[in-house]
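A short worksheet on the structure shown next.
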Amino acid sequence: MLSHSTCLILLLTAGVCLALPAGDDAQAETLKLESENNGVDKYSFAYETSNGISRTEEGVVKPGATEDDGAISVTGTTSWSAPDGKKYEISFTADETGYHPKFRLVA
């Protein structure tokens, strides 16, 4: 019979192995990477990976009534292919009214 510590070690090892990225994901490469940040009032970035993940995001500062009242407005999209082969997408806006995601099945 296995001791409690041996069982715990086996369970932890199995958990770590299951948490590691699967074959294609572990070997994924960045195909595209773009980034721009003027350090003042806007930024943007985009990337795509060889395993079908893509993301874009853009943020701009919206002026307020006074110099200290501005707010940042961010829009973005993330898409990926799930293990079942379906492609999903989350697009969002985030501003002074909160975070507003939209989730959809693309294909």
Side-chain angles (χ1 to χ4, degrees):
M1 180 173 225
L2 296 175
S3 69
H4 290 298
S5 60
T6 303
C7 287
L8 180 60
I9 290 170
L10 289 174
L11 287 173
L12 289 173
T13 303
V16 168
C17 290
L18 290 172
L20 293 174
D24 290 344
D25 291 338
Q27 302 302 319
E29 297 179 8
T30 302
L31 302 176
K32 175 180 131 180
L33 177 59
E34 300 172 352
S35 178
E36 184 177 329
N37 185 341
N38 70 6
V40 178
D41 60 357
K42 64 182 175 177
Y43 74 91
S44 64
F45 69 84
Y47 64 82
E48 293 178 17
T49 62
S50 60
N51 61 344
I53 297 171
S54 66
R55 177 160 168 84
T56 62
E57 183 172 311
E58 181 176 306
V60 296
V61 175
K62 300 185 329 186
T66 69
E67 188 175 308
D68 296 331
D69 283 341
I72 190 165
S73 176
V74 180
T75 59
T77 303
T78 302
S79 63
W80 69 96
S81 295
D84 63 5
K86 295 179 181 175
K87 187 167 185 164
Y88 295 92
E89 178 182 274
I90 296 176
S91 58
F92 70 91
T93 59
D95 55 23
E96 67 276 5
T97 66
Y99 177 72
H100 309 282
K102 293 179 183 175
F103 182 80
R104 72 183 187 114
L105 174 64
V106 177

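Quick note: numbers below take in every heavy atom, side chains included, and nothing from hydrogens, waters or symmetry partners.
- Annotation: side chain of Tyr47 is in contact with side chain of Ile53 (closest heavy-atom distance under 4.5 Å).
- At least one side-chain heavy atom of Asp95 sits less than 4.5 Å from a side-chain heavy atom of His100.
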Distance-only donor-acceptor pairs under 3.5 Å for side chains of residues 28-40, two or more places apart:
residue	atom	partner	partner atom	Å
Asn37	OD1	Gly39	N	2.7
Asn38	OD1	Val40	N	2.8
Asn38	OD1	Asp41	N	3.0
Asn38	OD1	Lys42	N	3.3
Asn38	ND2	Asp41	OD1	2.7

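- Minimum heavy-atom separation, Thr77 to Phe92: N-CE2, 4.2 Å.
- For the atom pair Asp69 CG and Lys62 NZ, the distance stands at 13.0 Å (nearest 0.5 Å).
- One hydrophobic cluster, built from ILVMFWY side chains closer than 4.5 Å, cannot hold both Val61 and Tyr99; they sit in different ones.
- Under a hydrophobic clustering in which Ile, Leu, Val, Met, Phe, Trp and Tyr are joined whenever their side-chain heavy atoms come within less than 4.5 Å, directly or via other members, Val60 and Val74 fall into different clusters.
- Heavy-atom minimum distance, Leu105 versus Lys87: CD1-O, 3.4 Å.
- The minimum heavy-atom distance between Ser50 and Gln27, with the atom names listed, is OG-O, 4.4 Å.
- Glu89 contributes atom CD, which lies 9.0 Å from atom CH2 of Trp80 (distance to the nearest 0.5 angstrom).
- Taken from NZ in Lys86 to OG in Ser81, the straight-line distance is 12.0 Å, to the nearest 0.5 Å.
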